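Just so it is clear, the values below take in all heavy atoms, side chains as well, and ignore hydrogens, waters and symmetry mates. On a predicted model such as this, the values are computed, not experimentally measured, just so you know. Below, chain A is the first sequence line, B the second, and so on; all start at residue 1.
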Amino acid sequence: MSKNLVIVESPAKAKTIEGYLGQGFTVKSSFGHVRDIPRKGMGIDIENDFTPKYEVSEDKKKVVAELKKLTKAAETVWLATDEDREGEAISWHLYETLGLEKKETKRITFNEITKTAVQNAIENPRKINIDLVNAQQARRVLDRLVGFELSPVLWKKIKPSLSAGRVQSVTVRLIVEREREIRDFNSTASFKVKAEFVLNGTVIKSDLGKSFKTEEETLNFLNQCAASDFEINNIEKKPAKKSPAPPFTTSTLQQEASRKLGYSVSRTMSVAQKLYEAGRITYMRTDSINLSQTARNGAEAEIKKAYGNEFSHPRVFKTKTKGAQEAHEAIRPTSFAVHSAGNDSSENRLYDLIWKRAIASQMSEAKLEKTTVKIAGSRIQELFTARGEIILFEGFLKVYLEGKDDENDDVDSDNEGIFPPMKKGDALSVKMIEATERYTRPPARFTEASLVKKLEELGIGRPSTYAPTITTVQKRGYVTKDEIDYKIRNYGQLTLKNGEIKTKQLTENYGGDKNKLHPTDIGTVVNDFLVENFEGVLDYNFTASVEKEFDDIAEGLMNWTEMIKKFYNPFHTKVENTLEHGERQSGERVLGETEKGEDILVRIGRYGPMAQIGRTSEDENDPKPRFSSLMKNQSLETITLEEVMDLFKLPKDLGSHEGHEVIVSNGRFGPYIKYDEMFVSIPRGEEPLDVDLPRAIELIKAKQEADAPIYEYEGLPVQKGSGRFGPFIKWNDMFINVNKKYDHDNLSDEDIVELIEVKKQKEIDKVIHNWEEEGIRVEKARWGRFNVIKGKTKIELPKTTKAEKLTLEEVKAMIEKAKPAKKKPAKKKPATKKKTTKKK
DNA sequence: CAGTGAGCGAGCTTCCGCTTGACTT
């Protein structure tokens, strides 16, 4: 047993550091926080100075037990968790749970993992900083109070199981408000003019500073152009510089990987995690843009070697990010000498991006020369402008240029670089002048990455939570990335060529989006409710202002329970008031009424957004209201009366085909055709009301073909398909992923047999118990957990379960206990039976 | 939940941050 036990947060870090410390030191990891407020219940003694009740988290019991054992054997325990608020708290929780009062305990920190930094830390130990710990407790308690008091208000006033919190609710707010900006945006059109001139055989592209409101004005202008002589009016040359961006933080890595590689933020994180575990890059959850001295030296050496001395320009970057805690370095390669790394192409590409960005940050500026040429026409007032840029010295551009989010930028008339020799007064001939009608564009919807950028600017959330937050708001149904259909509009184009003006009418798509975040109806209703009643917490500056107070607590200038009390008292009063007086919210909008005077309205129902004709009345003899779900691409805020009336035209009987009825309807998964026990989805963009019988039969046939078995194995059909996790084959109710190794379109019979056999063996391997006569199985499940399965009932058991030792009796008892919790809809009462066919 | 949109109402849901995990349709 080793004399010294060092505890860090991450196992990969533990491995590295153990190498630096050598004999006499054992380095272990806590895997993050080990203790927390219980998952269920408030877990805070509000009456008693907000004392939090802490317990070792279920999935950390094993880790804690092992650390306890090692602690006993060690002479000195070194708490080497991160140097920020959460890290300090982890150390304190370890101190408390491992019983370190009786031990020689030292707190050490380093914000870079280099040999000198680690050895330095060992020579300069300190004590746990309880002020910093208290700042973390305040953060934790505040988040629990906000989350667990606001959520129940939503359950009562809107819908059960909803959630609210300091971070997620503001995230949703950003998306809801952006959508409203887009909806309310007044798009105006104007004619933008571009021209191509020729000088000594070279084409010069340019554009006009002014745009024209009407076609008439534009035509007039082009007529003047046709009668004009053009000449160079002015030439201006200006030197310019470009500097490299700092190395990556979590947020900027997510943005660039999204722009340049098309990765989602969670994919970026999991690919980066692999590179980190392989020792290729430094820690990927960081808000720092700082590089260690060792790293800067490494970069300098590599730049000089690979590109030459003149390309090297060592730099130290200072963060401007609000609330940055800088417990780690920026994200960089562990060795700059390694130009390429990773086990597959996604790892390769991300590593390449990280390497280039970090290297570029230590390289010289690029030197440019920008040229602006003004061109005048004899019969027009306005000047055309041509711009060019020449690179005099590449500098960092040799390896890397930061991407841009697409902006409202129609200017693509920049010349590639060099203009032909020219002087003021030179005559130009017109190759073409083109005026195109362009609409102003509303702000862009957020992508995952641009949302992360915004959150970081507001100081909301942390590197470790950006990706999970985006998942949460989607999982709660507040936000989706569903495709938004394009609309079509006309625009005009006037072209002057060879002295002749031609007019064209063209069409373009607009308003559609793919992979962009937008709110659902429930997200919008929840947001409006929260903003109206809890403006303080939903304020974009709420986090920033409490962060300031956390800083004061960390400095020892403020008492944490005082701070929480000051927040909680008015907040809690507001919660109580809202519970008592707040109205139930359903996002209801009355769109009109029928001839009989019944309301036609839309609102959120038990199963989502719906339309309704008539109201439920007290009198049982009154007719029941009619209901219909909204289509996926419709929303409460924008649906029209006409669209609502169309909904009630479904289900629609199209007639029959080969002895079976063909019915068009709208369901949980969108519009579909029902035909002989078979459901066929109607493709996106196709109006269900426009589908006629021949089209329906076409779709049915296509589906039958796609579903046709591709093989038969042990008497059961094998089908193929493509789902959320890529291509699969289906056999005997099992989904079997077909990985890239196979050609999914042309699977051979041998491939199919192999895939099935491998899957079958996997299924057998994960079974721990199988009581066949009872129909009960115990199987291995994800995260080291176990599942008890009986028919459709599935109970998840924690990791710590000794699954092998479970007896049938114990398992049966579990199933019994679990049953009442599983709410099963009541059996259909014969009394509510409806007619099976609508037609008489 | 791919025909729904109440029900008597019990008992449930929920936060943010720090880690890794390696399954799912």
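- Base engagement by A:Ser681 is indicated by at least one non-hydrogen atom pair under 4.0 Å involving a base atom.
- At distances below 3.5 Å, not a single donor-acceptor pair connects side-chain atoms of A:Asp82 with backbone N or O atoms of A:Asp84.
- Comparing the same atom, C1', in B:dG5 and in B:dC1 gives a spacing of 11 Å after rounding to whole Å.
- With distances taken from any side-chain atom of A:Lys40 to the nucleotides B:dC18, B:dC16, B:dT13, the minimum falls on B:dT13.
- For A:Glu277, whose side chain is taken as the heavy atoms from C-beta onward, the closest listed nucleotide among B:dT20, B:dA6, B:dG17 is B:dT20.
- In this structure, a donor-acceptor pair under 3.5 Å is present between the side chains of A:Thr81 and A:Arg107.
- DNA chain B is contacted by both A:Lys274 and A:Glu9; A:Glu9 maps to the nucleotide lying nearer its 5′ end (nearest heavy atom per residue).
- A sub-4.0 Å separation between OP1 or OP2 of B:dC15 and a side-chain N or O of A:Arg476 is present.
- The listed nucleotides are B:dG17, B:dT14, B:dT19; the one nearest the side chain of A:Pro152 is B:dT14.
- The environment of NZ in A:Lys28 is sparse: at most 12 heavy-atom neighbours from other residues, nucleotides or ligands sit within 6.0 Å.
- A:Ser161 contributes a side-chain N or O that forms a donor-acceptor pair with the base of B:dT13 under 3.5 Å.
- Between the side chain of A:Ser629 and the backbone N or O of A:Met610, no donor-acceptor pair lies under 3.5 Å.
- Checking B:dC15, B:dT20, B:dT4 against the side-chain heavy atoms of A:Arg144 singles out B:dC15 as nearest.
- Distances from the side chain of A:Pro11 to the nucleotides B:dC16, B:dT19, B:dG5 place B:dT19 closest.
- The listed nucleotides are B:dT19, B:dG21, B:dT14; the one nearest the side chain of A:Phe148 is B:dT14.
- Judged by distance alone, with hydrogens and angles left aside, A:Ser629 brings a side-chain donor or acceptor within reach of the base of B:dG5, the pair sitting under 3.5 Å.
- For A:Ser10, whose side chain is taken as the heavy atoms from C-beta onward, the closest listed nucleotide among B:dC18, B:dC15, B:dT19 is B:dT19.
- Look at A:Ser464 and you'll find a side-chain N or O under 4.0 angstrom from OP1 or OP2 of B:dC18.
- For A:Arg39, the side-chain atoms get nearest to B:dC15 when compared with the rest of B:dA6, B:dC15, B:dG17.
- Taking every side-chain heavy atom of A:Glu86 into account, B:dC18 is the closest of B:dC18, B:dT13, B:dA6.
- Atom CG of A:Asn343 sits in a sparse spot, with 12 or fewer heavy atoms from other residues, nucleotides or ligands closer than 6.0 Å.
- A:Arg462 contributes no side-chain N or O that forms a donor-acceptor pair with the base of B:dC16 under 3.5 Å.
- The shortest distance between the side-chain N/O atoms of A:Tyr283 and the OP1/OP2 oxygens of B:dT19 is below 4.0 Å.
- Proximity note for A:Arg140 (side chain, C-beta onward) versus B:dG17, B:dC15, B:dG21: the nearest is B:dC15.
- Taking atom P on both nucleotides, B:dA2 is separated from B:dG7 by 23 Å, rounded to a whole Å.
- Counted by atom type alone, A:Ser163 and A:Arg476 present one or more donor-acceptor pairs between their side chains at under 3.5 Å.
- Taking only side-chain nitrogens and oxygens, A:Tyr672 comes nearer than 4.0 Å to OP1 or OP2 of B:dG3.
- OP1 or OP2 of B:dC18 has not a single side-chain nitrogen or oxygen of A:Arg285 nearer than 4.0 Å.
- Look at A:Gln168 and you'll find a side-chain N or O under 4.0 angstrom from OP1 or OP2 of B:dC15.
- Heavy-atom distances to DNA chain B give each of A:Pro463 and A:Ser151 a nearest nucleotide, and the one nearer the 5′ end belongs to A:Ser151.
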